[in-house]
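The structure presented is a predicted model; accordingly, all values stated were derived computationally and were not measured. Throughout, a chain's letter reflects where its sequence line sits, starting with A, and its residues are numbered from 1.
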Amino acid sequence: MTSERYNSREAEPRWQKFWSEKRCFEAKEDTSRPKYYVLEMFPYPSGRIHMGHVRNYTMGDVIARFKRACGFNVLHPMGWDAFGMPAENAAIERGVHPKSWTYENIAAMRGQLKSMGLSLDWSREIATCDPAYYRHEQAMFIDFMQAGLVERKVSLVNWDPVDQTVLANEQVIDGRGWRSGAMVEKRELAQWFLKITDFSEELLEALDRLEKWPEKVRLMQRNWIGRSEGMRFSFVLEDEKGNELPDKLWAYTTRHDTIFGASFCAISADHELAKKYSAGDAGLAEFRREVSALGTSEETIERAEKKGYALGIYARHPFQPKLKLPVYAANFVLMGYGEGAIFGCPAHDQRDLDFARKYGLPVIPVVAPKGVDPASLTISTEAYLEKDGAESQMINSEFLNGLSVPEAKEEVARRFEASGMGKRKVNFRLRDWGVSRQRYWGCPVPVIHCPTCKIVPVPKSDLPVTLPEDVTFDKPGNPLVHHPTWKHVKCPKCGANATRETDTFDTFIDSSWYYARFCSPNADVPVEAGAARYWMPVDQYIGGVEHAILHLLYSRFFARAMGKTHHLDWDEPFASLFTQGMVVHETFKTGSGEWVFPVDATLRDGKWFHAKTGEELTIGGIEKMSKSKRNVVDPESIIESFGADTARWFMLSDSPPERDIEWTEAGAEGAWKFTQRLWRILGDASSRDTAPFTGEFGPAASELRRIAHRTLAAVTDDLSSLRFNRAIARIYELSNALSTALAIANPSADLAFTIREAGNFLVLMFAPMMPHLAEECWALMGHKQPVVETPWPTPISALTVDDEVTIAVQVNGKRRDEIRLQKGTAKDQVEAAVMKLDGVKRALDGKPVVKFIVVPDRIVNIVVSG
RNA sequence: GCGGGCGUGGCGUAAUGGUAGCCGCAACGGACUUAAAAUCCGUUGGAAGAAAUUCCGUGCCGGUUCGAGUCCGGCCGCCCGCACCA
């Protein structure tokens with residue numbers, strides 16, 4: 001019997017030391033055992049861990065510990081996504097060097113992660129900013145170049161004319177640079193691209209085989225890749241007087257069936273024709289400037305009010321040569337998709353309709369539901385978008401009239417191809433991956449620009465190209481450009497004076513192959529083939545849903561690119577994916593609108609007050625924890641006051657893992673109380689007789705045994721399918737049952753045995769979630785071997801099934817009674833038994849039975865008339 | 001704007017198309033205590049009824065089905081992503 005409280009502050013570090021000294025979590029290849037690779041998305045070393053990390057890494061740790069107990073050889077590594085902008089911002093704002101800032105953060109966060117008691121193999125730790133890591137990235141990039149997977153082309157960036165720097169989309173706020181406040185301009189820059197579009201079709205098709213990925217992620221990726229079947233065709237252009245112009249206008253459409261509904265053409269403001277005509281048209285030049293101020297983010301472009309500028313040129317309708325469609329430069333046409341030019345069909349596209357109404361262009365309906373009088377179809381402010389093209393027919397469309405949408409598409413395609421004006425084309429929304437960044441804190445692009453040899457890859461023997469450390473951030477722009485010596489080199493080919501590429505890689509490259517590096521973190525090749533063959537793929541990958549598209553798609557691409565260059569023999573890196581929800585918290589605000597940290601808010605008589613000023617606070621929404629809203633709770637302080645196990649338990653209980661979880665004081669306290677309760681219950685259980693019992697179990701013991709074995713079966717199932725919240729509810733149930741049994745005075749031998757058995761199960765079941773408490777309880781119960789080395793128990797199947805079932809009885813779909821019957825009772829016997837029930841008789845009230853539905857061992861539904 | 005998701009008691013939630021609300025929090029009542037904390041036991045979706053029991057109830061409207069929280073269509077609200085944040 002234990003009366004003291006469980007002291008997490010003393011016990012947790014002790015067990016962490018124990019695991020570490022015994023090297024419990026260091027993974028070694030062992031072909032005699034099945035492997036299991038569990039990985040959580042590695043963190044950016046921002047300085048301190050946040051609750052989102054706690055949730056993510058706790059889930060991964062539960063899986064790792066569970067699989068380990070189930071006999072798998074588990075790989076569970078950790079590393080740092082260590083390049084990126086925040087380090088440079090710290091350098092600019094606080095004068096710290098990005099490297100020292102990053103490594104200090106890593107040290108701090110490593111300590112915090114260790115205090116969580118995660119079963120990580122720290123011997124495999126990697127940091128992407130380490131030349132030992134990024135040298136392989138550079139080598140692979142050179143191989144990618146040779147394999148034709150790299151391209152250099154011009155693309156548009158957000159340019160801050162004051163800071164003389166490229167801005168990320170998130171640094172553009174209402175069209176202005178976040179630091180300078182200057183109006184942002186779009187600028188063309190030669191950049192490096194990885195040809196992910198070479199794999200569009202394959203990346204799309206392979207999604208069907210990712211059965212253990214959430215359907216929503218696969219759908220999002222499908223839509224992102226955006227395969228469409230359409231036509232690329234050209235318009236003949238003419239001026240106002242009808243003279244044919246030398247240029248042709250190429251357009252892409254998936255709705256060539258609506259060609260007779262065309263009333264204008266629109267080209268992107270960045271289209272070659274728009275550039276050409278703006279030379280002689282000040283209004284157009286001004287319009288292009290205006291559009292350029294919107295920046296490069298698709299969201300702002302698509303949200304902006306539809307605007308256009310008439311170029312004063314016309315496109316001849318391909319089938320009605322006398323019909324002239326005015327050509328506009330428009331802010332809603334994206335240069336990156338199709339040809340950067342469209343024909344507008346206002347009746348059947350909302351954006352086109354908005355545009356047509358604004359500029360007084362004709363709206364001609366050309367598709368109508370079958371059997372509807374075309375004259376009755378009028379378009380006012382909403383375009384008609386038919387749901388099923390086969391159920392619609394063409395109108396006002398000359399030779400297409402009466403055809404369905406698919407038939408019309410076919411006919412137009414045939415005519416275009418016959419005349420040579422156009423061709424069917426499969427198009428993808430997916431664009432090539434621009435990987436150039438004009439920043440310091442990233443992996444240098446291993447390329448040299450030579451005046452005569454042009455682009456020359458750095459010879460592999462000269463790798464890594466390391467970042468110079470003596471850089472300053474006092475000037476705007478990229479420190480690599482300003483560095484006095486770094487970029488000046490001899491051309492490796494001809495020996496002439498040349499310059500290094502000063503761009504660094506997008507940090508998404510770093511995170512596109514780290515999962516493979518963990519297989520052999522110290523190898524002198526990117527990935528050691530034998531190690532990868534054993535460990536790959538990642539069996540369970542866990543991270544935030546915000547990475548559903550970019551990071552996961554880039555990783556899938558990178559694995560293929562590495563395959564093509566013989567670095568990896570595995571196309572799909574993540575066999576199973578789980579996207580966890582966010583951690584949210586209430587927000588507090590003062591009267592003057594300042595956000596208040598939860599630690600500074602105190603509750604009195606149902607109202608919240610500022611702990612220091614006493615001012616009453618208003619409660620805002622429950623939102624994602626963020627520094628700006630100050631609704632953050634520091635995991636370190638929670639671990640200090642309640643212990644890591646409590647924090648871990650809270651993160652897993654209540655909310656399903658894929659959904660957002662709200663951090664509340666009360667919830668944390670509840671989790672803490674439960675750790676203490678388990679400590680008491682198991683202390684009590686440990687004092688019971690240990691003698692094995694072989695006779696007949698009495699009613700109390702039988703009941704507890706059934707619950708214990710059934711809970712074990714359910715928890716095993718729930719943990720296997722990542723339903724942590726359900727597993728926890730079951731564990732509560734078992735602890736309640738155990739607690740009830742412990743209250744029985746002078747228990748008989750059968751009950752004493754059962755209490756110990758249930759207690760053992762209980763400890764082993766919560767061990768993946770609260771590993772320190774589990775070890776402590778396990779030792780208390782007299783076990784010599786630690787929990788980490790104890791296999792997962794197996795329930796006795798005879799105890800997990802019932803031979804009787806409760807069957808609900810419905811009359812006309814409403815529950816009227818229930819009945820206990822032997823499992824597998826025959827249908828006619830069920831019918832007979834059910835008809836005798838009082839509740840059924842009352843509900844039937846003598847009405848004739850129309851139908852008798854029996855779902856074996858589940859439910860009965862009697863359908864009566866009247 | 002486009003793409004994706006979510007919506008169930010006072011709250012977090014549970015429910016292979018089959019008895020809606022397991023488990024937890026909070027609240028209330030009780031035990032223990034000089035007292036409080038802690039702990040333990042009990043009650044708790046709404047309405048009617050003394051009770052048995054009945055009716056209503058899963059954001060809103062409609063559909064499929066013997067049967068819908070679950071499937072389908074339309075709306076409303078909230079959240080996430082949109083290619084240089086990580």
Ignoring backbone atoms, test whether [X] places a side-chain nitrogen or oxygen under 4.0 Å from the OP1 or OP2 oxygen of [N].
{"X": "A:Arg726", "N": "B:G12", "answer": "no"}
{"X": "A:Asn812", "N": "B:G67", "answer": "no"}
{"X": "A:Arg816", "N": "B:U19", "answer": "no"}
{"X": "A:Lys216", "N": "B:G5", "answer": "no"}
{"X": "A:Asn169", "N": "B:C82", "answer": "no"}
{"X": "A:Arg303", "N": "B:C82", "answer": "no"}
{"X": "A:Arg431", "N": "B:A83", "answer": "no"}
{"X": "A:Ser655", "N": "B:G12", "answer": "no"}
{"X": "A:Thr507", "N": "B:A86", "answer": "yes"}
{"X": "A:Arg815", "N": "B:G18", "answer": "no"}
{"X": "A:Lys814", "N": "B:C56", "answer": "yes"}
{"X": "A:Asn736", "N": "B:C22", "answer": "no"}

| Hey, which of these two, A:Ala666 or A:Leu219, hits RNA chain B nearer its 5' end, going by closest nucleotide? |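 Closer to the 5' end of RNA chain B: A:Leu219.
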| RNA chain B: A:Phe508 or A:Val545, which has the more 5' nearest nucleotide? |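 Closer to the 5' end of RNA chain B: A:Val545.
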For [X], answer base if it contacts any base atom (sugar-phosphate contacts may also be present), sugar-phosphate if it contacts only those atoms, and nothing otherwise; contact means non-hydrogen atoms under 4.0 Å.
{"X": "A:Glu662", "result": "nothing"}
{"X": "A:Val850", "result": "nothing"}
{"X": "A:Gln438", "result": "base"}
{"X": "A:Lys306", "result": "nothing"}
{"X": "A:Gln191", "result": "base"}
{"X": "A:Arg730", "result": "base"}

Please pick, from [options], the nucleotide with the shortest atom-to-atom distance to any side-chain atom of [X].
{"X": "A:Arg858", "options": "B:C79, B:C85, B:G18", "answer": "B:G18"}
{"X": "A:Leu430", "options": "B:U16, B:U53, B:A83", "answer": "B:A83"}
{"X": "A:Trp224", "options": "B:G3, B:A86, B:A83", "answer": "B:A83"}

| said: If I pick the P atom on B:C41 and the same atom on B:C25, what distance separates them, to the nearest angstrom? | reply: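 Those two atoms are separated by 12 Å.
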| message | Taking the C1' atom in each of B:C56 and B:C2, what is the distance between them to the nearest angstrom? | response |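 It comes out at 41 Å once rounded to the nearest Å.
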| task | Answer yes or no on whether A:Lys153 is positioned over the face of A:Phe193, meaning its NZ or CZ is under 6.0 Å from the six-membered ring centre and within 45° of the axis. | result |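 Yes; both conditions hold, so A:Lys153 lies above the ring face of A:Phe193.
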| query | Quick one: do the A:Asn427 and A:Ser228 side chains pair a donor with an acceptor below 3.5 Å? | reply |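 No.
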| field | Complementary nucleotide of B:C82, counting Watson-Crick and G-U pairs under 3.5 Å | value |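 Result: B:G1.
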| According to the Watson-Crick and G-U wobble definitions, with both distances under 3.5 Å, which nucleotide is paired to B:U58? |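 B:U58 is paired with nothing.
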| task | To the nearest Å, give me how far apart CZ (A:Arg437) and P (B:C85) are. | result |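 It works out to 7 Å between those atoms.
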| With A:Asp817, which of A:Ile807, A:Leu837, A:Val860 fulfils side chain to side chain contact (heavy atoms under 4.5 Å, CB included)? |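 Of all the options given, the one that passes is A:Leu837.
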| said: Are more than 12 heavy atoms, taken from residues, nucleotides or ligands other than A:Glu382, located less than 6.0 Å from that residue's CD atom? | reply: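 No, not enclosed.
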